[in-house]
Amino acid sequence: MFAYHTNLVWECTFFLHAAAGFVGLSDTIIILPCLLIWDFTGWECFSLPPTNDLWTLLLIDGFVGTVLSELLWLWGVFLTSPLIGTLSLTLVTPLSIVYSIFVGKASLSWEFFLGAAVMIVAFVCITLLDNYGNWDPLWILMKKLFNAARRMRAHRGYESLAITPQASHSTDDSTAIGSS
């Protein structure tokens, strides 16, 4: 069992590093030529940052905002599922705006909070449905409603059966079973 667990951990770690490397490689191959063409045509002019402070901020942002966040996202995908990993990215915007409100940099209307609440509820519901693979809450609800309706119908049927024999006592022997 330990060997299986160790092998699984190694494979996940290797795949995590390989996936992060392929993201960087594909960005370099696809985006770098586009940047060079845009700079050459003058559609977008690029220049280097003029001060060392800007270089420091760019490096910190590049590491934390790109490398670290991508690695954490890939790790989350490996621990949960691609669906949950992708849906969790939709929570970044509402959470960053809520942080800005707490810091005091933004004030928003109730519509934003309603939309953020809907997004969070949807994320929680999808996470629960993804976590419990065979769990279908709509099917369970339909079964409960069907069983309740069947119990009510059966209860009504027993009441009508209980009243009917008392109301129509017949002493006619020709209706008895087995009499000819």
Side-chain angles (χ1 to χ4, degrees), residues 1-139 141:
M1 187 64 149
F2 177 74
Y4 175 74
H5 176 69
T6 305
N7 191 21
L8 183 65
V9 169
W10 184 85
E11 286 178 6
C12 288
T13 305
F14 174 75
F15 187 70
L16 178 68
H17 294 297
F22 285 127
V23 168
L25 180 66
S26 63
D27 285 349
T28 303
I29 291 173
I30 295 170
I31 295 177
L32 188 61
C34 294
L35 293 177
L36 294 174
I37 291 170
W38 292 343
D39 189 42
F40 179 73
T41 60
W43 189 41
E44 185 71 40
C45 295
F46 296 100
S47 63
L48 295 175
T51 64
N52 287 338
D53 291 339
L54 288 176
W55 275 106
T56 305
L57 290 175
L58 279 175
L59 290 174
I60 291 172
D61 182 55
F63 178 73
V64 173
T66 306
V67 176
L68 187 62
S69 67
E70 285 290 325
L71 283 175
L72 291 175
W73 177 78
L74 282 172
W75 188 29
V77 167
F78 291 136
L79 293 177
T80 58
S81 71
L83 174 67
I84 301 302
T86 304
L87 286 177
S88 65
L89 294 176
T90 62
L91 298 177
V92 170
T93 302
L95 291 176
S96 64
I97 294 176
V98 167
Y99 173 76
S100 297
I101 290 171
F102 284 131
V103 173
K105 294 183 178 181
S107 63
L108 299 169
S109 64
W110 63 272
E111 289 97 355
F112 168 77
F113 293 107
L114 180 66
V118 168
M119 288 178 67
I120 290 170
V121 167
F123 178 76
V124 168
C125 289
I126 291 172
T127 302
L128 287 174
L129 289 174
D130 189 54
N131 190 25
Y132 300 108
N134 294 330
W135 181 54
D136 189 358
L138 292 177
W139 179 249
L141 177 66

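By convention here, the first residue in the shown sequence is residue 1. As a basis for the values below, the full set of heavy atoms in this structure was taken, side chains included, without hydrogen atoms, waters or symmetry mates. Quantities reported herein were computed from a predicted structural model and do not represent experimental measurements.
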How long is the straight-line distance from [atom2] of [Y] back to [atom1] of [X], given to the nearest 0.5 Å?
X	Y	atom1	atom2	value
F113	I101	CZ	CD1	3.5 Å
L25	I30	CG	CD1	9.0 Å
C34	I29	SG	CD1	12.5 Å
I31	W38	CD1	CH2	8.0 Å
L83	S88	CG	OG	9.5 Å
L54	L48	CG	CG	11.5 Å

If you compare all heavy atoms of [X] against all heavy atoms of [Y], which two are closest, and at what distance to 0.1 Å?
X	Y	value
I84	F123	O-CE1, 3.9 Å
V77	G85	CG2-CA, 3.9 Å
T90	M119	O-CE, 2.9 Å
D39	C45	OD1-CA, 3.8 Å
T86	W73	N-NE1, 3.9 Å

Exercise for the section: For atom CZ of F40, decide whether the heavy atoms of other residues, nucleotides or ligands shown that lie under 6.0 angstrom number more than 12. Expected result: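 Atom CZ in F40 is not crowded, with 12 or fewer foreign heavy atoms closer than 6.0 Å.
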
Exercise for the section: Can you establish whether the number of heavy atoms outside Y99 located under 6.0 Å from its atom OH is more than 12? Expected result: no

Handout entry: Side chain to side chain, I37 and W43, heavy atoms closer than 4.5 Å
Key =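 No. Closest side-chain heavy atoms not under 4.5 Å.
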
Exercise for the section: Evaluate the side-chain proximity of P94 to I120: yes if any heavy-atom separation is below 4.5 Å, no if none is. Expected result: no

Problem - Check: S69 side chain, T66 main-chain N or O, donor-acceptor pair, under 3.5 Å - result: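 Checking the backbone N and O of T66 against the side chain of S69, a donor-acceptor pair under 3.5 Å is found.
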
